Colleague: 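Here it is: the structure, laid out below.
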Amino acid sequence: GFNHSVSDAKMAQIFAEVLAEHKDLPTAPTFALDRTTVDGRFYRVFFYVNDPDEIFQKRNQIYEKVLGKWDVARLGS
């Protein structure tokens with residue numbers, strides 16, 4: 001999850017930027033806010049892959065990019 005130090009609008013921008021980089025997927029990936037707690041927000045990312053062997057690699061790539069951009073936004077705030 002992501003704490004509340006970065007606004008909802010900025011998180012949406014981060015997800016949109018990262019997901020737009022993945023034009024190699026069969027359909028455009030999407031995301032949704034899954035739940036919010038006092039400590040943070042939890043998102044789900046939905047995407048399809050051409051080869052099932054790609055799913056874990058692609059998931060990690062997306063996660064690492066989102067986390068990196070969130071970290072920059074969080075530390076810059």
Side-chain angles (χ1 to χ4, degrees):
F2 299 93
N3 68 27
H4 295 284
S5 61
V6 177
S7 72
D8 289 338
K10 183 64 178 175
M11 287 303 299
Q13 179 186 350
I14 289 170
F15 275 102
E17 288 173 5
V18 170
L19 297 180
E21 295 173 10
H22 295 278
K23 298 186 185 313
D24 58 322
L25 297 173
T27 61
T30 60
F31 75 96
L33 179 63
D34 186 41
R35 62 188 157 96
T36 302
T37 67
V38 172
D39 297 323
R41 293 171 291 207
F42 299 83
Y43 295 87
R44 286 191 190 257
V45 174
F46 304 93
F47 63 94
Y48 295 93
V49 293
N50 292 314
D51 179 355
D53 292 334
E54 298 175 14
I55 195 161
F56 296 108
Q57 179 182 8
K58 188 61 71 176
R59 180 190 66 182
N60 290 343
Q61 289 172 357
I62 291 170
Y63 175 74
E64 288 173 8
K65 288 180 182 180
V66 169
L67 189 59
K69 288 179 178 278
W70 171 76
D71 237 3
V72 168
R74 178 178 63 91
L75 296 173
S77 299

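Every value quoted in this text rests on a predicted model; they were computed, and no experiment measured them. Throughout, numbering of the chain's residues begins at 1 and tracks the sequence.
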Colleague: Take E21 and Q61 through the side-chain contact (heavy atoms from CB on, under 4.5 Å) test and state the conclusion after the steps.
Modeller: CA-CA 11 Å; E21 295 173 10; Q61 289 172 357; over 6 Å; no
Colleague: Looking only at side chains, do T37 and D39 share a donor and an acceptor under 3.5 Å apart?
Modeller: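 No, D39 and T37 have no side-chain donor paired with an acceptor closer than 3.5 Å.
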Colleague: Is the number of heavy atoms from other residues, nucleotides or ligands under 6.0 Å of Q57 CD greater than 12?
Modeller: no
Colleague: What distance do D24 atom CG and K58 atom NZ have between them, rounded to the nearest 0.5 Å?
Modeller: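 Answer rounded to 0.5 Å: 3.5 Å.
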Colleague: What heavy-atom pair brings A73 and I14 nearest, and what distance separates the two atoms?
Modeller: CB-CD1, 4.2 Å
Colleague: Report yes or no: do Y63 and L19 belong to one cluster of Ile/Leu/Val/Met/Phe/Trp/Tyr joined by side chain heavy-atom distances under 4.5 Å?
Modeller: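 In one cluster with Y63: L19, yes.
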Colleague: Quick one: do Y48 and I62 end up in the same hydrophobic cluster if we chain Ile, Leu, Val, Met, Phe, Trp and Tyr together by side-chain heavy atoms under 4.5 Å apart?
Modeller: no
Colleague: How close do H4 and V38 get, heavy atom to heavy atom, and via which atoms?
Modeller: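 Distance-wise, the nearest heavy atoms are CD2-O, 3.5 Å.
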Colleague: Just checking, R41 and F2: is the charged tip under 6.0 Å from the six-membered ring centre and within 45° of the axis?
Modeller: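 Judged by the rule, R41 and F2 form no cation-pi pair.
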Colleague: Going through the distances and angles, do Y43 and D34 end up as a side-chain contact (heavy atoms from CB on, under 4.5 Å)?
Modeller: CA-CA 5 Å; Y43 295 87; D34 186 41; 5.8 Å; no
Colleague: Can you tell me how far apart CG (N3) and CH2 (W70) are? Round to the nearest 0.5 Å.
Modeller: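 Rounded to the nearest 0.5 Å, the CG-CH2 separation comes to 4.5 Å.
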Colleague: Is F46 linked to F56 within one hydrophobic cluster, defined over Ile, Leu, Val, Met, Phe, Trp and Tyr using a side-chain heavy-atom separation of less than 4.5 Å?
Modeller: no
